[in-house]
Structure formats: structure tokens, C-alpha cells
Amino acid sequence: MKREIKFRGKEFETGQWIEGSLTTYPRYYPTITLVEDAEPIPKKTTCVVLPETVGQFTGLCDKNGKEIYEGDIVKTKEYGIDIPNGVFCSNVAGYDNFSVDYIDGGFRLLNNQRGFLLCKGNHLEVIGNIYDNPELLKENKR
């Protein structure tokens with residue numbers, strides 16, 4: 001099995017998103033090491049990140065090629081529903097927003113109404129994340 005294992009988190013001082021390898025130490029903030037291609041030796045930069053913002057790369061990209069991380073908010077029509085007068089009708093409500101969460105050993109799409117396993121497909125679009133854009137999840141309330 002070969003997949004890329006990496007994380008992202010918000011840098012402690014600047015709030016800038018950093019992607020790379022995660023290191024954690026007891027009693028200290030986690031760090032993410034960013035490795036940049038540089039000749040003749042790769043350049044490594046280690047940044048302290050806010051622990052609550054650390055999220056793992058799911059291994060998937062959205063329909064635009066953007067990497068999907070735990071904590072992202074994605075928009076999809078695949079799981080959209082409408083329940084007019086209590087009768088279930090699938091896929092007529094348009095798009096729904098979901099957060100990407102890691103639960104019980106797998107990545108899932110969750111909102112205040114439903115949850116699904118995160119599956120590969122070209123129907124997802126990253127539209128923000130739960131730290132910078134929490135209001136995007138509130139748009140699902142009916």
C-alpha cells in the first residue's frame with residue numbers, strides 16, 4: 001500500500017496553513033515540518049502549529065484537484081436530499097455542505113443531518129474549512 005501521509009495545521013504565530021510531516025511531543029505544541037525541494041539538499045522548515053487545527057490528508061482530491069484534509073468543508077450534490085411534505089426525494093435539493101472528519105478508523109462526511117463514508121469521486125468540492133469558515137456548515141439547517 002502506498003499513499004501519502006501528511007498533515008496540515010495553522011502556524012502558531014501567523015495563522016498561515018502549513019502542510020507536511022507531523023511531530024508531537026508530550027506537553028508541547030505539535031510541529032509540522034515542511035520539506036521544500038532545493039538543490040543540492042532539500043530545505044526543511046519546522047513550524048509550531050495550533051493543535052486544534054491539525055488535520056490529516058485523506059489521500060483524495062476534489063473535482064478541481066485540491067487536496068482534501070480532515071477539517072475541510074466540502075460541497076456535493078451526490079448526497080443532497082429534499083423532504084417535501086415528509087416524502088423522501090433524493091438529489092433534488094441541490095448541494096449540501098459536509099465537514100470531513102476522522103471517526104472510527106475512517107474519513108467521513110458529516111453535517112447536522114447526515115453522515116457518510118468519504119469515497120473517491122469527482123463530485124466533491126472543497127469550499128473552506130471548519131476553522132476559517134464554520135458558517136458554511138450552518139447553511140445546511142432546514
Got a second to check how far I73's CD1 is from E125's CD, nearest 0.5 Å?
12.5 Å
Tell me, yes or no, whether the heavy-atom count around K63 atom NZ, taken from other residues, nucleotides or ligands under 6.0 Å, exceeds 12.
yes
For the backbone of N64 and the side chain of D62, can you confirm whether one donor and one acceptor N or O come within less than 3.5 Å of each other?
yes
Distance, nearest 0.5 Å, that separates CD of Q16 from CD of E11
7.0 Å
State which residues pass side chain to side chain contact (heavy atoms under 4.5 Å, CB included) with N129; sequence neighbours excluded, sorted by chain then number.
R8, W17, D72, Y131, D132, N133
Mind checking whether V74 and I127 have side chains closer than 4.5 Å, heavy atoms only?
no
Residues L118, T58; criterion side-chain contact (heavy atoms from CB on, under 4.5 Å); working and verdict:
CA-CA 9 Å; L118 176 62; T58 64; 3.7 Å; yes
Quick check: do E67 and L60 have side-chain heavy atoms less than 4.5 Å from each other?
no
Treating T53 as the side-chain partner and L50 as the backbone partner, does any N or O pair qualify as donor plus acceptor under 3.5 Å?
yes
Nearest 0.5 Å, what's the SG-CG distance between C119 and L109?
8.0 Å
Set of residues satisfying ring-ring contact (aromatic ring centres under 6.0 Å, His included) with respect to F12, sequence neighbours excluded
Y29
Once rounded to the nearest 0.5 Å, what's the spacing between atom NZ of K6 and atom CD1 of I18?
12.5 Å
Once rounded to the nearest 0.5 Å, what's the spacing between atom OG1 of T76 and atom CZ of F116?
9.0 Å
Within the structure provided, determine whether K10 and V49 are in side-chain contact (heavy-atom separation under 4.5 Å).
no
Mind checking whether Y69 and F57 have parallel, tilted or perpendicular rings, split at 30° and 60°?
tilted
Is it the case that one hydrophobic cluster holds both V54 and Y25, taking links as side-chain heavy atoms less than 4.5 Å apart, direct or via other members?
no
Which donor-acceptor pairs under 3.5 Å do side chains of residues 100-108 form with protein atoms, sequence neighbours excluded?
{"residue": "D101", "atom": "OD2", "partner": "S99", "partner atom": "OG", "Å": "2.7"}
{"residue": "R108", "atom": "NE", "partner": "I103", "partner atom": "O", "Å": "3.3"}

Any non-hydrogen side-chain atom of L124 less than 4.5 Å from a side-chain atom of I68?
yes
Using every non-hydrogen atom in the two residues, find where E19 and L34 come nearest and quote the distance to one decimal.
O-CD1, 3.2 Å
Does T24 reach the side chain of P30, with side-chain heavy atoms less than 4.5 Å apart?
yes
Is a donor from one side chain sitting under 3.5 angstrom from an acceptor on the other, for T46 and T33?
yes
State, with a plain yes or no, whether a side-chain heavy atom of R114 is found less than 4.5 Å away from one of F98.
yes
